[in-house]
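Computed from a predicted structure; not experimentally measured. So that the names make sense, note that chain A is the first sequence line, chain B the second, and so on, each numbered from 1.
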Amino acid sequence: MEKETKNFIEKIIEEDLETGKYGGRVHTRFPPEPNGYLHIGHAKSICLNFGIAEKYGGLCNLRFDDTNPEKEEEEYVRAIIEDVRWLGFDWEDRLYYASDYFERLYECAVELIKKGKAYVDDLSAEEIRKYRGTLTEPGKESPYRNRSVEENLDLFERMRKGEFDEGQKVLRAKIDMASGNINMRDPVIYRIIKKPHHRTGDRWCIYPTYDFAHPLSDSFEGITHSLCTLEFEDHRPLYDWFLDQLELYHPQQIEFARLNLSYTVLSKRKLTRLVEEGHVSGWDDPRMPTIAGMRRRGYTPEAIRDFCDRIGVAKANSIVDFELLEHCLRDDLNKRCPRVMVVLNPIRVIITNYPEDRVEYVEAINNPEDPTAGTREVPFSRELYIEADDFMEEPPKKFYRLAPGREVRLKHAYIIKCEDYEKDPETGRITTLYCTYDPESKSGSNQQKKVKATLHWVSARHAMDVEVRLYDRLFRVPNPDDKKECPDFIDCLNPDSLKILTNCKAEPSLKNARPGERFQFLRLGYFAVDLDSSEEKLVFNRTVTLRDTWKKIKSKIS
RNA sequence: UGGGGAGUCGUCUAAUGGCAGGACGGCAGACUCUGGAUCUGCUUGUAGGGGUUCGAAUCCUCUCUCCCCAGCCA
């Protein structure tokens with residue numbers, strides 16, 4: 001039914017394949033800068049680059065764009081490698097670093113100088129800005145623009161040797177100060193930075209800029225299609241210019257729209273701020289849209305990849321509904337997660353006609369979506385816990401769970417009837433429900449009385465105390481990037497994005513759950529064991545709720 | 001008011017001269033020992049004006065709106 005549709009990049013590639021532009025090769029790369037953690041927006045790019053290579057029998061490299069030692073750290077390199085691998089992609093032996101090319105890059109810069117296409121400029125950063133002109137006015141040429149090749153060569157070599165201070169000199173491409181494209185107004189291609197680099201140490205004190213390093217790195221690696229985001233569209237003439245001037249193998253840059261997701265932010269600057277100002281517990285806080293955060297939250301790589309497939313690739317800016325991500329997540333989790341019963345907000349139920357010391361083990365299906373998942377035994381006894389939300393003293397019409405005089409089924413067990421209840425006179429909170437059970441109604445028996453609701457429950461005597469962390473969207477508005485609505489995006493954070501429940505009651509089969517394991521808590525949602533769990537206490541992260549029709553009805557009738 | 005891009009259901013995305021389709025969301029129903037899942041149906045869209053054509057989302061033209069660029073960040 002679903003016809004396979006190609007995105008515009010695939011169309012370009014298929015055309016190139018047909019015309020033999022790159023000899024039938026397809027070679028892409030994912031080029032992160034190691035200055036932060038990867039997020040779901042990067043996942044789009046990763047899936048695109050690795051996905052296209054796979055689809056056309058090509059290759060995809062992982063390359064760190066580490067040309068700025070002021071911002072980059074080893075820690076990020078480690079995290080990025082882990083995340084890309086976790087997503088399920090393999091670059092085999094093609095792990096590269098732009099810093100591996102520093103010597104070659106330097107030689108290319110020398111070559112450019114020799115061709116009269118680059119010069120050392122003594123203007124300060126401030127002066128360069130002034131000389132650059134504005135969006136509507138052309139720039140002015142630097143007084144140092146026409147130095148001789150020899151002088152430039154000498155100066156550039158001395159820059160490398162560390163004879164000058166930071167900011168004192170830069171190497172600039174000699175292009176066109178009057179260009180309508182500001183990137184072509186003699187862009188800086190080398191600057192002095194006297195900071196140790198995480199890989200090259202103090203071997204260098206001059207570093208190439210992105211504009212210079214990127215096309216050349218792509219060229220060195222034999223990349224065919226260099227996919228990047230829209231904001232680099234203006235840089236493409238520059239990308240092409242370097243390669244043309246240096247007469248190097250010439251990949252083609254193609255730009256696509258970056259991902260935006262509702263109710264979150266996806267800029268590294270903003271995510272860094274959330275971490276540094278402590279609005280979240282770290283890069284892997286389960287509320288973060290980072291790969292590490294989503295992994296901890298309980299997302300699967302399959303769900304993320306499915307999402308990336310479904311959002312498509314185009315050139316128009318857009319904001320994808322958060323609901324689509326959740327749909328992909330539920331779709332995957334539903335198939336793979338064992339079901340288990342956990343009561344988040346317990347109220348006690350006493351089955352008055354059930355023997356005091358009796359314990360029955362009822363058989364429970366682990367996953368109705370997966371027959372191979374088998375069954376388990378769950379203890380049932382006279383005292384149980386059920387969810388506080390599953391009882392109402394005065395139920396509205398559409399509420400068909402437990403209420404005085406009402407009958408419901410306890411999943412995998414018996415039908416019970418609420419005969420009486422107790423409430424705390426101070427708080428008005430229901431404390432205990434007195435119910436009777438129908439011994440003939442056991443699950444699996446022939447007696448099939450119909451009741452409108454089925455509840456999850458846990459035997460009080462056998463219950464395990466667990467902690468559950470309920471996460472909600474990080475922001476309370478669909479578009480926290482909107483300056484009109486959120487002058488400062490921090491002010492639009494959702495104050496209820498995390499609720500910690502410490503008095504939750506879990507069925508005993510969960511005893512051996514290990515960090516990273518995922519479950520469906522029946523009727524509630526999907527939960528993953530957090531690494532904060534200990535022998536004494538399990539901690540669960542709510543990955544995503546189940547679709548909740550009752551919640552909708554409830555909000556409509558109120 | 002320089003340069004570069006983009007406008008298709010609420011959202012994302014197909015259709016490149018021939019019935020505007022899919023997904024998510026929403027709504028309604030069926031089914032259900034999860035108010036889950038599943039299934040069925042419905043809903044809504046070519047930014048605007050002119051033009052070419054038997055026929056235009058698609059071609060031409062004018063207009064409008066939105067995004068990106070003035071880092072020695074990427």
For nucleotides [N] and [M], find the distance between their [atom1] atoms and express it as a whole number of Å.
N	M	atom1	result
B:rG22	B:rU43	C1'	15 Å
B:rC12	B:rG45	C1'	13 Å
B:rU11	B:rU46	P	12 Å
B:rC66	B:rU8	P	14 Å
B:rU44	B:rG25	C1'	12 Å
B:rC64	B:rG49	C1'	10 Å
B:rA56	B:rG18	P	11 Å
B:rA6	B:rU58	P	16 Å

NA contact type, [X], heavy-atom cut-off 4.0 Å: base, sugar-phosphate, or nothing?
X	result
A:Val451	nothing
A:Arg339	base
A:Leu123	base
A:Ala125	base
A:Lys398	base
A:His214	nothing
A:Ile128	base
A:Phe232	base
A:Phe322	nothing
A:Ile319	sugar-phosphate
A:Lys169	nothing
A:Thr209	sugar-phosphate
A:Gly444	base
A:Lys130	nothing

One thing to verify: whether [Y] and [X] come together as a salt bridge, which I'm taking to mean a side-chain N less than 4.0 angstrom from a carboxylate O.
X	Y	answer
A:Lys449	A:Asp438	yes
A:Arg236	A:Asp240	no
A:Arg376	A:Glu363	no
A:Asp186	A:Arg132	no

Suppose we define a pair by two distances each less than 3.5 Å, Watson-Crick or G-U wobble; what does [N] pair with here?
N	result
B:rA74	none
B:rC64	B:rG7
B:rU46	none
B:rA30	B:rU38
B:rC59	B:rG51
B:rG2	B:rC69
B:rU16	none

Original post:
Will you find, in the side chains of A:Glu157 and A:Tyr106, an N or O donor that is under 3.5 Å from an N or O acceptor?
Top reply: no
Subject >> Donor-acceptor pair between A:Ser226 and A:Arg29 side chains, under 3.5 angstrom >> reply: yes
Does a side-chain N or O from [X] land closer than 4.0 Å to OP1 or OP2 of [N], or not?
X	N	result
A:Arg330	B:rA37	no
A:Arg547	B:rG35	no
A:Thr549	B:rG36	yes
A:Arg236	B:rG3	no
A:Arg310	B:rG25	no
A:Thr67	B:rA74	yes
A:Arg409	B:rG35	no
A:Lys483	B:rC67	no
A:Lys44	B:rC12	no
A:Lys315	B:rC67	no
A:Arg132	B:rC69	no
A:Arg258	B:rC68	no
A:His327	B:rC24	yes

Subject >> Expected output: side-chain A:Ser318 to main-chain A:Val320 donor-acceptor under 3.5 Å >> reply: no
Original post:
Mapping A:Lys552 and A:Glu166 onto RNA chain B by nearest heavy atom, which one lands closer to the 5' end?
Top reply: A:Lys552
Original post:
For A:Lys411 and A:Asn7, take the nucleotide of RNA chain B holding the closest heavy atom to each; which residue's nucleotide lies nearer the 5' end?
Top reply: A:Asn7
**OP:** Determine if the base of B:rG71 is syn or anti; take syn to mean the glycosidic torsion is within 90° of 0.
**Re:** syn
Original post:
Are A:Asp548 and A:Arg523 close enough, and set up right, to give a salt bridge (charged side-chain N to carboxylate O under 4.0 Å, His left out), and what steps lead you there?
Top reply: CA-CA 9 Å; A:Asp548 191 349; A:Arg523 303 208 303 136; over 6 Å; no
Original post:
On a plain distance test, is the side chain of A:Asp234 in donor-acceptor contact with the base of B:rG3 below 3.5 Å?
Top reply: yes
Original post:
Starting at CD of A:Glu323 and ending at P of B:rC24, how long is that distance when rounded to a whole Å?
Top reply: 12 Å
**OP:** Any chance you could lay out the salt bridge (charged side-chain N to carboxylate O under 4.0 Å, His left out) test for A:Glu126 and A:Lys130, step after step, and finish with the verdict?
**Re:** CA-CA 6 Å; A:Glu126 174 73 8; A:Lys130 282 188 183 137; 3.6 Å; yes
